[in-house]
Amino acid sequence: MRWSRTVISTLREDPQEAEIASHKLMLRAGLLKKLSGGLYTFTPLGVRALHKVEEIIREEMDAAGAQEILMPALQPIELWEKSGRASRMGASMFRLKDRQGRAMVLGPTHEEVVTDYICKEISSYRQLPCTIYQIQTKFRDEIRPRFGLMRAKEFIMKDAYSFDVSFEAADASYKAMYDAYERIFKRCGLLARPVEADTGAIGGNHSHEFMVPAPSGEDGILECQKCGYAANQERAERKPAPSKFAEEFSGGPEEVPTPGAHTVAEAAESVGVPEEQIVKSLIYMADGNPVMAIVEGTRELNECKLRRILGCSELVMADDVQSAEAAGPVGSIGPLGVRIPVYADIGLRGAKDMVVGANREGFHIKHVNVDSLSEITAWEDIVTVEPDDLCPRCGSPMRVVRGIEVGHVFKLGTKYTDAFNAKFLDSEKNSRVMVMGCYGIGVTRTLQAVVEQNFDKDGIIWPVSVAPYSVVVLPLDAEKDPACAAAAERIVKDLESAGIDVIVDDRDERPGVKFKDADLIGFPVRVVVGTRSLGKGGVEVRMRRTGESVTVPPESAAQRVSEMLSRMREDF
RNA sequence: CGGAGCGUAGCGCAGUCUGGUAGCGCAUCUGCUUUGGGAGCAGAGUGUCGUGGGUUCGAAUCCCGCCGCUCCGACCA
């Protein structure tokens, strides 16, 4: 490809709209153009890189036995009402009506459509297991799109779905996808690690996210360096440390005035104890019913965990009126004497001398033995795990790192196949419900994650596998020096006939401009053909990542480039 | 939805406080010179100053409404 015939425009300066490195670089290198918030055009250069990611995904999906299909992005709302997700996905779905007035949505994901398709298609155990996938544009009305492709209103996703005869068989399908994901991200030049994750609105009982470590990542990951445990902060568990207040106070509970104390800090000060000795009591409305959650005063309740334990679809903090009806005035709430379910965090286990709200404005109760409260419905792990909390497996302190979620695999069980009555006949002629799994990769996000993990001060450093072009040839003196033009011509031809994708920068620009652009866009290999290099016996072949370069005769340049490329591929 | 900031040429910005009819750098076009790390000189083009209204002899500038963008938070497969 000739540079002069493509639409490539690079920027000298960082665009004002971009915050993180990968977003700045993708705009500066001319891979993306913004149409509006969360909506981007892929330029000819950008779409080449995108297609390379897609091809890697296709190859690995096919190798794992999945079949590619393509489903409509535009979907009738009825499917979503059938699964019960019309309200659960709620505001994040783009909704519209056709001219007949039928309610439609732009698909944010495809569990409903695929289950509808498969339940009509499959009727026998002989047709199972079956895994299908598609690469398609998804639409989500994100509250706050940000960081370019990282969180966009419209993005490309690879979504796969497995259908099996049993939970055991579904585990095997899950494992096959999990393994394929590890290969996909590795081939993209990404360091991505699986972590245990919350299943959120997709549902199901077990999932792993594939996380790319990056300071700009939107998720927190708790990890144990000793045993390898890793989990999203939304889901991470911990082994609670023994309570510091394990000694029971012989005098029994005692109500104390705490005028004006509404926060944990104020209550602690008023009573004269550390904040950890306060029990934080929170009222939530779970599908409309009040529940109380109690945690140590310094901890934060984790709504994802509580929602999962309660098994409810909607969980919101109660307002002041609801709280007062369920227990007492906000700021003085406590578990003593309440008649609603109380969920206690396991961190309070063994805590026998604590301070709780008195359910009376301006009063707290001290010396409360939380460990033996009869009001407690269940002991659960319901707080957000913090750095230095102990690993639930081995008990070592954990740390938090930031990560970008590029993939997510779910064991769905029968959530959707039940809703759609997706049954098959087994060998005993029994009608049984299929067991499902679903598996997503954010393709456009993955592309940006590759950039986020591969750049230096001069620009992007593409892994060979996803570079828009593997090689850039820079003829520096082609106008004046026929030998230079001829050498460049020959190298490009040789590379093309070797099946290597190459772009030649034939613009009438000074050398400095060509060097800067080549570095910024980040082609893995650069071949410089100039009068000076020819004088030294050839052309300069240089690797973007290491800066390592050699001068070789033009006739062996293609061979040398080819060797370098395979070496770089192996390095990943 | 709450908080903050921004909207002036393709991109990055100044001008706004203190009202007088729009400027700088890069990019673009022409010519000459230059040619291994974002060249120099000379010339040229480029704007509903986000938008609607108001105040005023006069508004990019002051006032009010709206829209858009970015960040933080809430929220979110």
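Proteins come first, then strands; the chains are lettered A, B, ... in the order of their sequence lines, and each starts at number 1.
The C1' atoms of B:G7 and B:U48 are separated by 15 Å, rounded to the nearest whole Å. Taking atom P in both B:C63 and B:U18, one finds a spacing of 10 Å when rounded to whole Å. Comparing B:G65 with B:C75, their P atoms are spaced 29 Å from each other, to the whole Å. Taking atom C1' on both B:U28 and B:A74, the two are 45 Å apart, rounded to the nearest angstrom. On the P atoms, B:U61 is 15 Å away from B:U55, given to the nearest whole Å. When the P atom is used for both B:U16 and B:G43, the distance is 29 Å, rounded to whole Å. Nucleotides B:C13 and B:G5 place their C1' atoms 16 Å apart, quoted to the nearest Å. Between B:A60 and B:A9, the two P atoms lie 14 Å apart (nearest whole Å).
A:Leu32 has its CG atom 17 Å from the C1' atom of B:G10, to the nearest Å. If you measure from atom CG of A:Asp505 to atom P of B:G38, you get 15 Å, rounded to the nearest angstrom. Protein atom NZ of A:Lys24 is 20 Å distant from nucleotide atom P of B:C69, rounded to whole Å. A:Glu19 has its CD atom 12 Å from the P atom of B:G73, to the nearest Å. The CZ atom of A:Arg510 sits 14 Å away from the P atom of B:U33 (whole-angstrom rounding). Spacing between atom CZ of A:Arg151 and atom P of B:C72 amounts to 12 Å, rounded to whole angstrom units. Per the geometry, CG belonging to A:Leu11 stands 16 Å off P belonging to B:C26, to the nearest Å. B:U35 atom P lies 11 Å from atom CZ of A:Arg532, rounded to whole Å.
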Candidate pair A:Glu154 and A:Tyr40, rule side-chain hydrogen bond (donor to acceptor under 3.5 Å, both in side chains), full reasoning: CA-CA 8 Å; A:Glu154 177 183 326; A:Tyr40 292 87; over 6 Å; no
Chi angles and distances behind the ring-ring contact (aromatic ring centres under 6.0 Å, His included) call for A:Tyr178, A:His208: CA-CA 8 Å; A:Tyr178 183 105; A:His208 282 93; 5.3 Å; yes
CA sep, side-chain torsions, deciding dist, call: A:Glu111, A:Ser83, side-chain hydrogen bond (donor to acceptor under 3.5 Å, both in side chains): CA-CA 9 Å; A:Glu111 282 78 15; A:Ser83 69; over 6 Å; no
Candidate pair A:Tyr439 and A:Phe410, rule ring-ring contact (aromatic ring centres under 6.0 Å, His included), full reasoning: CA-CA 6 Å; A:Tyr439 317 94; A:Phe410 299 78; 8.4 Å; no
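Not a single donor-acceptor contact under 3.5 angstrom links the side-chain atoms of A:Thr531 to the base of B:G36. You won't find any donor-acceptor pair under 3.5 Å spanning the side chain of A:Arg144 and the base of B:G3, going by distance alone. Applying the 3.5 Å distance criterion, the base of B:G38 shares a donor-acceptor pair with the side chain of A:Arg28.
A cation-pi contact, defined as under 6.0 Å to the ring centre and within 45° of the axis, links A:Lys411 to A:Tyr174.
Nearest nucleotide to the side chain of A:Phe147, out of B:G36, B:C72, B:C75: B:C72. When distances run from any side-chain atom of A:Glu142 to the nucleotides B:A74, B:C76, B:G36, the shortest one goes to B:C76. Each of B:C13, B:G37, B:C75 was ranked by its minimum atom distance to the side chain of A:Glu303; first place goes to B:C75. Comparing atom distances between the A:Glu540 side chain and each of B:U70, B:G36, B:G12 picks out B:G36 as nearest. Each of B:C11, B:U70, B:U35 was ranked by its minimum atom distance to the side chain of A:Glu13; first place goes to B:C11. Closest to the side chain of A:Lys34, from the set B:U70, B:G36, B:A27, is B:U70. Ranking B:C75, B:U35, B:G38 by closeness to the A:Asp477 side chain, first place goes to B:U35.
Crowding of A:Glu78 atom CD: a count of heavy atoms from other residues, nucleotides or ligands under 6.0 Å exceeding 12. In the displayed structure, A:Glu81 atom CD is contacted under 6.0 Å by more than 12 heavy atoms of other residues, nucleotides or ligands.
Applying the 4.0 Å criterion to OP1 and OP2 of B:C69, one finds that A:Ser36 has a side-chain N or O inside that range.
Partner assigned to B:C17 is none, using Watson-Crick or G-U wobble distances below 3.5 angstrom. Nucleotide B:G68: paired with B:C6 (Watson-Crick or G-U wobble, both distances less than 3.5 Å). Using Watson-Crick or G-U wobble geometry with both donor-acceptor distances under 3.5 Å, B:C76 finds no partner in any strand shown. In this structure, B:A39 and B:U33 make a Watson-Crick or G-U wobble pair, each of the two defining distances being under 3.5 angstrom. Using N1 to N3 plus N6-O4 or O6-N4 for Watson-Crick, or N1-O2 and O6-N3 for G-U wobble, each under 3.5 Å, B:G25 pairs with B:C11. Judged by Watson-Crick or G-U wobble contacts below 3.5 Å, the nucleotide B:G45 has no partner. Remark: B:G58 base-pairs with no nucleotide in the shown strands. Criterion, Watson-Crick or G-U wobble with two distances under 3.5 Å.
Of the two residues contacting RNA chain B, namely A:Gly440 and A:Glu17, the nearest-nucleotide position lying further toward the 5' end is that of A:Glu17. Looking at which nucleotide of RNA chain B each of A:Asp198 and A:Arg146 is closest to, the 5′-most match is held by A:Arg146.
A:Arg85 comes within 4.0 angstrom of nothing in the nucleic acid, heavy atoms only. Within 4.0 Å (heavy atoms only), A:Asp519 reaches at least one base atom of the nucleic acid. A:Asp14 comes within contact range of the sugar-phosphate backbone alone, with a heavy-atom separation under 4.0 Å but no base atom that close. Residue A:Lys138 is classed as having no contact, given no heavy-atom separation below 4.0 Å to the nucleic acid.
Under 4.0 Å is where a charged nitrogen must lie from a carboxylate oxygen, and between A:Glu509 and A:Lys514 no such pair does.
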